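What follows is one structure encoded as structure tokens, with my remarks underneath.
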There are 2 protein chains.
Amino acid sequence: MSVQERKQRERAERERLIVATARELAEQQGWDAVTTRRLAERIEYSQPVLYSHFRGKREIIGAVALEGAAEMAAAVRAATSAADGPRGRVVALARIYLDFAARNPAVYDALFQLDGGLPYAREDTPEPLKDAFAALLESLGEVAGDGVHPALFTEVFWASLHGLATLTRAGRLLPEDAARRVELLVDRLAVV
Amino acid sequence: MSVQERKQRERAERERLIVATARELAEQQGWDAVTTRRLAERIEYSQPVLYSHFRGKREIIGAVALEGAAEMAAAVRAATSAADGPRGRVVALARIYLDFAARNPAVYDALFQLDGGLPYAREDTPEPLKDAFAALLESLGEVAGDGVHPALFTEVFWASLHGLATLTRAGRLLPEDAARRVELLVDRLAVV
DNA sequence: GACTCGACCCTAGCATCGCTAGACAAGCGA
DNA sequence: TCGCTTGTCTAGCGATGCTAGGGTCGAGTC
């Protein structure tokens, strides 16, 4: 049995290597540069090996997305737990969210922009995705206001942040006023 | 001279045909299906003809985006001018914006999601894009509130709508609660 | 009215993409 | 030691965006 176990360990290790390498390559040169050939070369295996771990490129993007979701949830919780009061937590959340998107553009794309073949907003949605939304809900639910469903409020707030993140990164919004936009958004949306 | 004029007319006509065909194909089967070969076949010319009009696929996407921007601006102005009061105009704007995005997903992608090689938020930004933003500003500036720069408010409101539009279309948000989200967004963001 | 010459378009092909079939080698269990 | 499973690689398929080069057709000139 120990032989099989060793093989499974090695296999899992290689899978982590694939995901980490794909992410690294995407952050360095964009997802367009993440071709199966380049990826295979970087992990020092041939192309078909990738397909013994993932169905195709889409699933690799999906794996990066799941990893990113877990990181984002952790980052959000860390930031909000260090802040004081409902409003403080919302401000911290908004900042860390946009910061995460700006610092990890490839991961953010994998999560919300690209097709990673993951089911969203459904029962069989992977746990990391549900948990990332839950992390947002924990702080945003506090400031939804009377008579407003916390989840609905979270969706709206999240969508606003997502809009700011994507439009800024796509060059549609100038980064200079980013802080002022966040301030305005929190002031208006959050009920404290 | 009339021969040259005729040729120029025919050339311009063919360019319109290319853009219209690309848009049609994208709306029918998605932008992935818009390959230079398929596009060439549909307009009944060979591939290289496309490159005598546009630098490449990117520029074709950009042309569709410009066409879409003009349409969106017109739609927004039509909807807001038919509504009463500042709040009524904002509600109408939000609805028509999301409606436009839902009805013309390919055009919306060309505008805000894909790389059409267009310069945004700059001095040399094409007129249709500036005008589309201006159309939003006309109604949203009314409800920015005291001490808030109308353009900044417009950016935030626009980003929120963009977030709702993209997340909904990507399956990240369920369409059922769309109306409630718009209502909440307008209630909180707009100062009436 | 014949001819020259330039503008225009098409065929063919390049490098690269995601993905797969089939040959081959390595290492396990008997 | 042998047989077989498991795993990996080489090679190749169809399709992508884009381009080079040849050929045709028609406008303008003598």
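Throughout, protein chains are lettered first and strands after them, A, B, ... in sequence-line order, and every chain is numbered starting at 1. Being a predicted model, the structure only gives us computed values, none of them experimental.
Rounded to whole Å, atom C1' of C/dA12 lies 15 Å from atom OH of B/Tyr51. Rounding to whole angstrom units, CG of residue B/Leu50 and C1' of C/dC8 are separated by 15 Å. In this structure, the CZ atom of A/Arg11 is 12 Å from the P atom of D/dT6, given to the nearest Å. The interatomic distance linking A/Asp115 (CG) with C/dG18 (C1') rounds to 14 Å, in whole Å.
A heavy atom lying under 4.0 Å from DNA chain C marks the following residues of residues 35-48 of chain B, by number: B/Arg37, B/Tyr45, B/Ser46, B/Pro48. Within residues 54-63 of chain B, the residues having any heavy atom closer than 4.0 Å to DNA chain D are, in order of number, B/Gly56, B/Lys57. The stretch residues 13-31 of chain A has no heavy atom under 4.0 Å from DNA chain C, so no residue of it qualifies as close.
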Begin with the C-alpha distance, continue with both residues' side-chain angles, and end with the deciding distance and a verdict on salt bridge (Lys or Arg N to Asp or Glu O under 4.0 Å) for B/Arg103 and B/Asp99.
CA-CA 6 Å; B/Arg103 283 183 198 274; B/Asp99 190 63; 2.7 Å; yes
Would you tabulate the side-chain donor-acceptor contacts of residues 40-47 of chain A under 3.5 Å, counting partners in other chains and residues two or more places apart, or write 'none'?
from    : atom 1 : to      : atom 2 : distance (Å)
A/Arg42 : NH1    : A/Gln28 : OE1    : 3.3
A/Arg42 : NH2    : A/Gln28 : OE1    : 3.4
A/Gln47 : NE2    : A/Thr36 : OG1    : 2.8

Side-chain atoms of residues 73-94 of chain A: list all donor-acceptor pairs with protein atoms under 3.5 Å, sequence neighbours left out, distances to 0.1 Å.
from    : atom 1 : to       : atom 2 : distance (Å)
A/Arg77 : NE     : A/Glu138 : OE1    : 3.1
A/Arg77 : NE     : A/Glu138 : OE2    : 3.3
A/Arg77 : NH1    : A/Asp131 : OD2    : 3.0
A/Arg77 : NH2    : A/Asp131 : OD1    : 3.0
A/Arg77 : NH2    : A/Glu138 : OE2    : 2.9
A/Thr80 : OG1    : A/Val76  : O      : 2.9
A/Thr80 : OG1    : A/Arg77  : O      : 3.2
A/Ser81 : OG     : A/Arg77  : O      : 3.1
A/Ser81 : OG     : A/Ala78  : O      : 3.2
A/Arg87 : NH2    : A/Asp187 : OD1    : 2.3
A/Arg89 : NE     : A/Glu142 : OE1    : 2.9
A/Arg89 : NH2    : A/Glu142 : OE1    : 3.4
A/Arg89 : NH2    : A/Glu142 : OE2    : 3.0

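When the ring pair (Phe, Tyr, Trp, His ring centres under 6.0 Å) test is applied to A/Phe100, no partner is found at least two apart in sequence or on another chain.
Note on B/Glu71 versus B/Arg23: salt bridge recorded, some NZ/NE/NH1/NH2 to OD/OE distance being below 4.0 Å.
Paired with A/Phe157 under the rule side-chain contact (heavy atoms from CB on, under 4.5 Å), one option of A/Leu137, A/Val186, A/Leu152 passes, and it is A/Val186.
The heavy-atom pair separating B/Phe153 from A/Leu184 by the smallest distance is CA-CD2, 3.8 Å. B/Ser160 and B/Leu189 make their closest contact through OG-CD1, 4.0 Å (heavy atoms, listed as atom of the first residue, atom of the second, distance).
Within the 6.0 Å centre-distance limit, the rings of B/Phe112 and B/Trp158 are counted as a close aromatic pair.
One distance of note links CG of A/Asp177 with CG of A/Leu164; it measures 11.5 Å at 0.5 Å rounding.
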